[in-house]
2 protein chains.
Amino acid sequence: MLTIGKLAQAGSISTDALRYYEREGLLLPASKTDSGYRLYGQDAVRRVRFIQHAQACGFTLAEIRELLHLRQNDRACCNDVRQRAIEKKLQLAAKIRAMQTMSAALDRLIVACADGTQSVDECPILAALEQVEGGEEAP
Amino acid sequence: MLTIGKLAQAGSISTDALRYYEREGLLLPASKTDSGYRLYGQDAVRRVRFIQHAQACGFTLAEIRELLHLRQNDRACCNDVRQRAIEKKLQLAAKIRAMQTMSAALDRLIVACADGTQSVDECPILAALEQVEGGEEAP
DNA sequence: CTTGACCCTGGAGTTAGCTCCAAGGTTTAT
DNA sequence: ATAAACCTTGGAGCTAACTCCAGGGTCAAG
């Protein structure tokens, strides 16, 4: 059995974060000592890893909780899990596209500025940001 | 002169947001009426557009305030502005890469699951998330 | 037996960019 | 004249995933 500090060390995470996971219903101690210390089994180590890897895939804690609940639910099947993954991938793709759009807009500004030797008063970047639309004229 | 409501309409933004920009030092009314109503000039319309376009490029309000300050500063030159844009583009690129990494991790999970006909107990996705490293064996 | 390391609970604070509200004063239209 | 629409300030609340703290109890080593 591990105390919270040992589990924290094993997972390279803070004890505060572990207690936070508990409040969020993601990680329950196996038991408590008479004096109220949390005790965790080896499954807690795996659980922490699960949470961390799912976070690294972009899942929020609320979504991770759902994934964990799916495992409990015997009517659920692997396909349900797979759907969550696919859905999350779509969300990521949308965010990536949004950021690529931003990046492209920046690119146009950077190119407009060319060498940047002008004074700020005539900076094409600042000027472009005030323009009604970033786009081109109708052809 | 525009009241805050008119400016809000012109910029498709809420009056609350405009007042928030004021608190953040991004947008000051040109004057106030005797009864305390804010009054804005046409430059405010351009200013709001500036803020919105800069946001669409990924700049935070704090960064936008800096851009605006650069314009005031006569020692600053266009190159300073350009540098901010380049810097922001790098930040975006880093975020995009992070999300692509997430997406790739999800892809491996989705592929591992293949058709998803298994029960949750033997779901390869859930299993993989508990694994020590998502990576492959040494060859 | 004391020192230091550990643990507990409960609650506040962080970041960003707002939104929403109350309680009241002002303007405009009818 | 009065109702509707507008404006003011100040402050609270929202999201996410924590962190940090106070004030106190517990445990292990020397």
Side-chain angles (χ1 to χ4, degrees), chain A residues 1-40 44 47-68 88 91-92 95 98-99 102, chain B residues 1-40 44 47-68 88 91-92 95 98-99 102:
Chain A
M1 287 298 205
L2 303 167
T3 60
I4 198 169
K6 296 298 179 188
L7 178 58
Q9 237 179 306
S12 309
I13 192 177
S14 72
T15 57
D16 272 334
L18 291 176
R19 279 186 282 257
Y20 177 70
Y21 291 163
E22 182 175 340
R23 274 201 298 285
E24 293 295 304
L26 291 163
L27 174 68
L28 290 169
S31 62
K32 287 206 176 189
T33 67
D34 288 351
S35 51
Y37 282 27
R38 291 169 177 82
L39 292 176
Y40 299 92
R47 174 64 60 103
V48 169
R49 229 154 32 207
F50 185 100
I51 295 169
Q52 291 173 331
H53 288 158
Q55 279 185 315
C57 288
F59 288 105
T60 65
L61 293 186
E63 289 162 345
I64 294 169
R65 185 174 42 218
E66 279 186 30
L67 286 177
L68 291 167
K88 179 54 67 180
Q91 288 172 15
L92 281 174
K95 282 196 187 170
M99 303 187 84
M102 290 181 181
Chain B
M1 287 297 208
L2 303 166
T3 60
I4 198 169
K6 295 299 180 188
L7 178 58
Q9 237 181 307
S12 308
I13 193 176
S14 73
T15 57
D16 271 334
L18 291 176
R19 280 187 281 257
Y20 177 70
Y21 292 163
E22 182 176 340
R23 275 202 297 285
E24 293 294 305
L26 292 162
L27 175 69
L28 290 169
S31 62
K32 287 206 176 190
T33 68
D34 288 351
S35 52
Y37 281 28
R38 293 169 177 81
L39 291 176
Y40 299 91
R47 175 64 61 102
V48 169
R49 230 156 29 211
F50 184 100
I51 295 169
Q52 290 173 330
H53 287 157
Q55 280 185 314
C57 287
F59 289 104
T60 65
L61 294 187
E63 290 163 345
I64 294 169
R65 186 175 41 217
E66 279 184 30
L67 287 177
L68 291 167
K88 179 54 67 180
Q91 288 173 14
L92 281 174
K95 282 196 188 169
M99 302 186 85
M102 289 181 181

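Labels below follow one simple rule: chain letters A, B, ... track the order of the sequence lines, proteins then strands, and each chain is numbered from 1. Bear in mind that the values here come from a model prediction, so they are computed numbers and not experimental data.
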Rounded to the nearest 0.5 Å, how far does [atom2] of [Y] lie from [atom1] of [X]?
X	Y	atom1	atom2	result
A:Ile4	A:Glu22	CD1	CD	7.0 Å
B:Leu61	B:Leu67	CG	CG	11.5 Å
A:Gln91	B:Met102	CD	CE	12.0 Å
A:Thr60	A:Glu66	OG1	CD	8.0 Å

Please give, in whole Å, the distance from [N] [atom2] to [X] [atom1]?
X	N	atom1	atom2	value
B:Asp34	C:dG25	CG	C1'	14 Å
B:Ile64	C:dC18	CD1	C1'	13 Å
A:Asp16	D:dA17	CG	P	16 Å
A:Glu63	D:dT15	CD	C1'	13 Å
B:Gln9	D:dA5	CD	P	14 Å
A:Leu61	D:dT15	CG	P	14 Å
B:Glu22	C:dT19	CD	C1'	17 Å
A:Tyr40	C:dC7	OH	P	10 Å

Examine distances only and state if a side-chain atom of A:Arg38 and a backbone atom of A:Thr3 form a donor-acceptor pair shorter than 3.5 Å.
no
Does the A:Lys88 side chain pair with the main chain of A:Gly58, one donor and one acceptor, at a distance under 3.5 Å?
yes
With respect to the phosphate group of [N], does any side-chain polar atom (N or O) of [X] fall under 4.0 Å of OP1 or OP2?
X	N	answer
A:Tyr21	D:dC18	yes
A:Lys32	C:dT9	yes
B:Ser14	C:dT19	yes
A:Gln55	D:dC18	yes

Among [options], the one nearest [X] by side-chain distance:
X	options	answer
A:Arg38	C:dT9, D:dT8, D:dC21	C:dT9
A:Ile4	C:dG17, C:dC8, D:dT19	C:dC8
A:Tyr20	D:dA17, C:dG17, D:dT8	D:dA17
B:Ala17	C:dT19, D:dA17, D:dT19	C:dT19

For B:Ile51 and B:Phe59: C-alpha separation, side-chain torsions, deciding distance, then whether side chain to side chain contact (heavy atoms under 4.5 Å, CB included) applies.
CA-CA 9 Å; B:Ile51 295 169; B:Phe59 289 104; over 6 Å; no
Do A:Leu26 and A:Tyr20 come close enough that some side-chain heavy atom pair is under 4.5 Å?
no
I'd like a list of close polar pairs between nucleotides 27-30 of chain D and the protein, N/O only, cut-off under 3.5 Å.
residue, atom, partner, partner atom, Å
D:dC27, OP1, A:Ser35, OG, 3.0

If each of B:Phe59 and A:Arg19 is mapped to the nucleotide of DNA chain C with the nearest heavy atom, which maps nearer the 5' terminus, i.e. the 5' end?
A:Arg19
Specify the residue among B:Ile51 and A:Thr3 whose closest nucleotide of DNA chain C lies further upstream toward the 5′ end.
A:Thr3
